[in-house]
Amino acid sequence: MSDKNFVKEYLEDFSSLIKPDDKIIQKIIEAKEELLKVKNNGSKIMIVGNGGSAAIASHFSVDITKNAKIRAVNFNEADLITCFANDYGYEKWVEKAIDFYGDAGDVLILISSSGKSKNMINACGAAKKNKISKIITFTGHQKD
């Protein structure tokens, strides 16, 4: 594939992901309402990203704390990841972080390009088990 065709295809795929249809707009409004519930209830937001999304999660947690005054934490700290991955397995490190740090009424935000990572899927199970009030995911798509 030529560079021109690659860039054109990439931009077409990307632009299709960000078109503001009514379904996406409603989901964003619902997410905002959930975050405001967390703020009003004194709960917290837990944010986790995989790979490059870890940087997004880290930055977002600080921004939402500082700008929206909503308590937020991220689990993308090297010591936490390596400790929990070593002790419980990489596919369970996020799950165990939720077990240790999650409280009923919290919201979990997961950021993953594919949305297929076992550690993110296991995190959803842990969130449900720990009565986390809402799971919000930001995932892309992966072409096979």
So the salt bridge (charged side-chain N to carboxylate O under 4.0 Å, His left out) pairs with at least one residue in residues 90-101 (sequence neighbours excluded) are Lys92-Glu95, Lys96-Asp99, Asp99-Lys129
**Report entry** Close side-chain approach of Glu30 to Gln26, heavy-atom, < 4.5 Å
**Finding:** yes
Applied to residues 78-90, the salt bridge (charged side-chain N to carboxylate O under 4.0 Å, His left out) test, sequence neighbours excluded, yields none
By ring-ring contact (aromatic ring centres under 6.0 Å, His included), Phe84 pairs with (sequence neighbours left out) Tyr88, Phe100
message: Given 3.5 Å as the limit, does a donor-acceptor pair link the side chain of Ser2 with the main chain of Asn5, or not?
response: yes
Q. Going by atom types alone, do Asn50 and Ser117 pair a side-chain donor with an acceptor below 3.5 Å?
A. yes
Exactly one candidate in Ile45, Val107, Asn40 meets side-chain contact (heavy atoms from CB on, under 4.5 Å) with Ile70; the answer is Ile45
When every non-hydrogen atom of Met120 is compared with those of Ser112, the smallest separation belongs to CG-CB, 4.2 Å
**Backbone N/O of Thr65 and side chain of Arg71: donor-acceptor pair under 3.5 Å** = no
Do Asp13 and Glu9 have side-chain heavy atoms sitting under 4.5 Å apart? yes
Is there side-chain contact between Val73 and Ile47, with at least one heavy-atom pair below 4.5 Å? no
Examine distances only and state if a side-chain atom of Ser58 and a backbone atom of Ala54 form a donor-acceptor pair shorter than 3.5 Å. no
Members sharing Ile28's hydrophobic cluster, built from side-chain contacts under 4.5 Å between Ile, Leu, Val, Met, Phe, Trp and Tyr, are Ile24
Thr137 meets the side-chain contact (heavy atoms from CB on, under 4.5 Å) criterion, sequence neighbours left out, with Leu110, Ile135, Thr139
Polar side-chain atom of Asn76 near backbone of Gly49 as donor-acceptor pair, under 3.5 Å: yes
query = With a 4.5 Å limit on heavy-atom distance, are the side chains of Tyr101 and Leu80 in contact?
reply = yes
### Query
Below 4.5 Å, heavy atoms only, C-beta onward: do Ile109 and Ile111 meet side chain to side chain?
yes
Contacts satisfying salt bridge (charged side-chain N to carboxylate O under 4.0 Å, His left out) that involve residues 44-66 (not counting sequence neighbours) are Lys44-Asp103, Lys44-Asp106
For Asn119 and Trp93 the tightest heavy-atom approach is ND2-NE1, 3.2 Å
Validation row: Ser133, Glu34 side chains within 4.5 angstrom (heavy atoms): yes
